[in-house]
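Below is one structure, written out as C-alpha cells, with a few remarks after it.
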Amino acid sequence: MRVPSGGSVVSRLLPAAGLRGPGRAVRALLSLGKPPGGGGGTWLLVSTARHRPGAQYQLKENIEQLFTKFVEEGKATVRLREPAVDVCISKANVRQLKAFLSAAKLAHQGASEETLPLSTLVTPKASEVEKPKTRMLITSRRDYPLARDFPYSLEHLQASYCKLAHVDMRMLCLKKLRKLDLSHNRIKKLPATIGDLVCLQELNLQDNQLESFGVALCNSTLQKSLQSLDLSQNKIQALPAQFCRLRELVHLKLDDNSLIRLPFQIGQLRQLRFLSVARNKLPFLPSSFAKLSLENLDLFGNPFTHPRPLIPDIQLNVPLTLLECAARATINYRLPYGCHILPSHLCDDLDMAKSCQCGQACLSCFIQTTETMNLHSVAHTVVLVDNMGSTEAPVLRYFCSLTCYSQFLDRHLQSTR
C-alpha cells in the first residue's frame, strides 16, 4: 500500500536537546509492507526525493497515537513509540489516507497476513517521490519529446518553433493544463477536442497557418475557462458568430490576419479588456462594438471605409413578412427558443438578430448604414487607427423602420451644423 503526500518525520527528542525540527513538509511516499528479506510484522517506509531508500519503522505494538482530526483535509499524524518520532502527513488523497490509517491501526494490533495482505517494501522510483512537473518549455524541434509522454501534471506547456503541422493529441490528455502555447509552428487546423481541456485559461496560437476557428471550440467548455486567446499572424478571414460565446475572454489578439469582419455579436464579450486587431482588412466595425468596455484597443492598419450615413442600404419589406414579425416578437419579448422548439436554421437566424437604435430587433428587414464612432467611447487607451492620427472608425448601424432612420438623420444633421 502506497500513499503519495507531503510529509515530514519529526523527532520528539529534538526540543529537549535544544534542536529544531525539520522545515516545511516535502513530497513523500508512505508505504506499508513486509521488510525485505523476510521478518515479522508490518513496517512503514517513508521515502523522499532526497532519500529514496527511506526510513523504516516497525508498526506492531509501536503506534502510540493516531491524530486524525483533519483527515478530511488530507492531513494526519502517526505518533510512534520507538523511535520517538511523529510521521506528519499532509496533502494526501483523503480516500487513500483513510485506508492507510486503517491498515496502520491493524498492523499495530498485530493483524495476521491474511487479514492484512501486503507486499514486500521496495525503494520507489524517482518519479514517485519527485514533485509533479507543472511547467514544460520546448523551443526547438530537437527538444520535442517523441518517445515519451508529456507529464500528466502539466499546467503550463509551451511548444514553440517545433514545426508542428497539427496539435499533438498527447497534449489533449493533459486535463490540468491552464496555459498552452503553440506559437510559431505550422498548424493549419485545430481539433475540436481542445475544448475538452476544462482548465485551459490561456491559448497562444500566434504565427501558425490557421484559416478558421471552429464552431465546436466555441460551444465547448472553453466558454467557461478561456480568458486569453492569441490568434495573431495566421490566415483567418472570419470568426464564426458562435465565437462570442467565449464570454470569459479578457485578452484577444487577432493582429496580422485577413479578417474582413469581426463577429457580429462581439459586444457580448463583456469581460473583454484588451483587444488587438491591427493590420487586417476590416472595412467597418459591427454595431455591437459600441457595447464593449476596453482598457486597450488597437485597430491600426485596417482599410476602413469612409462612413456614409446619408446613403443607406434599404432592405425593408412593407408590410413585414410573417417570419419577420414572429422573429421580432420572439426577440423583443425575450421568448425562449432552441433547437428542441424550432428548426436549427431559424435558431441561427434569431441568434444573428440585429438591434435598432430604438432597442427593437430586426432580422432580415432593416435599413443599414455606417457612421463614425470615436473609439475612446469604448476604450481607455486607443492606438491610432492610421498614420494621420485618427482615433475614429466606421461602425454599422441598423434601423427597424423608416421612422427610426429618419430620427437618426435628424440627429446627425443637427450634430453636423
Side-chain angles (χ1 to χ4, degrees), residues 1-134 151-155 176:
M1 175 181 292
R2 292 186 168 188
V3 180
S5 67
S8 61
V9 178
V10 181
S11 173
R12 300 197 298 276
L13 300 179
L14 290 179
L19 300 175
R20 296 179 59 184
R24 61 181 181 179
V26 297
R27 182 168 176 80
L29 182 68
L30 307 179
S31 306
L32 288 181
K34 305 173 186 176
T42 301
W43 289 65
L44 168 62
L45 174 64
V46 182
S47 304
T48 63
R50 182 171 295 183
H51 187 215
R52 279 198 291 136
Q56 296 185 22
Y57 303 98
Q58 168 72 269
L59 291 184
K60 184 176 181 181
E61 299 180 357
N62 196 33
I63 296 180
E64 183 172 315
Q65 192 172 354
L66 292 174
F67 297 92
T68 60
K69 182 178 180 179
F70 300 104
V71 69
E72 294 295 340
E73 300 177 14
K75 302 177 182 178
T77 298
V78 180
R79 173 162 290 179
L80 301 176
R81 292 172 179 165
E82 184 62 37
V85 297
D86 290 347
V87 180
C88 304
I89 307 168
S90 62
K91 299 180 182 179
N93 178 278
V94 174
R95 181 182 58 81
Q96 292 180 342
L97 180 57
K98 288 181 177 179
F100 170 83
L101 293 174
S102 297
K105 186 175 182 180
L106 289 174
H108 165 69
Q109 295 170 350
S112 63
E113 294 185 4
E114 291 76 14
T115 306
L116 196 63
L118 296 171
S119 58
T120 302
L121 293 175
V122 295
T123 301
K125 300 177 182 178
S127 60
E128 295 179 293
V129 292
E130 290 176 349
K131 184 178 179 179
K133 191 171 186 178
T134 60
Y152 288 115
S153 54
L154 283 183
E155 296 180 8
K176 296 182 179 180

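In this chain, residues are counted from 1 in sequence order.
- Note that the CG atom of Leu80 and the CG atom of Leu59 stand 6.5 Å from one another [nearest 0.5 Å].
- The closest donor-acceptor contact from the side chain of His108 to the backbone of Asn62 lies under 3.5 Å.
- Closest approach of Gln58 and Trp43 over heavy atoms only: N-CE3, 3.4 Å.
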What do the steps show when you test Thr77 against Leu66 for side chain to side chain contact (heavy atoms under 4.5 Å, CB included), and what is the final call?
CA-CA 6 Å; Thr77 298; Leu66 292 174; over 6 Å; no
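- Of the possible polar contacts, none joining the Glu73 side chain to the Lys75 backbone as a donor-acceptor pair under 3.5 Å is found.
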Review item, side-chain donor-acceptor pairs of residues 81-89, under 3.5 Å, at least two apart:
from, atom 1, to, atom 2, distance (Å)
Arg81, NH1, Glu61, O, 3.3
Asp86, OD1, Arg12, NH1, 2.9
Asp86, OD1, Arg79, NE, 3.0
Asp86, OD2, Arg79, NE, 3.4
Asp86, OD2, Arg79, NH2, 3.0

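- Of the inter-residue distances, the one linking Leu106 atom CG with Thr42 atom OG1 reads 9.0 Å to the nearest 0.5 angstrom.
- With sequence neighbours excluded, the residues satisfying side chain to side chain contact (heavy atoms under 4.5 Å, CB included) with Ala55 are Tyr57.
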Show me the donor-acceptor pairs within less than 3.5 Å that the side chains of residues 91-105 make with the rest of the protein, sequence neighbours left out.
from, atom 1, to, atom 2, distance (Å)
Asn93, OD1, Arg95, N, 3.0
Asn93, OD1, Gln96, N, 3.0
Lys98, NZ, Glu72, OE2, 2.6
Ser102, OG, Lys98, O, 3.0

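- Ser153 places a side-chain N or O within 3.5 Å of a backbone atom of Lys133 that can act as its donor or acceptor partner.
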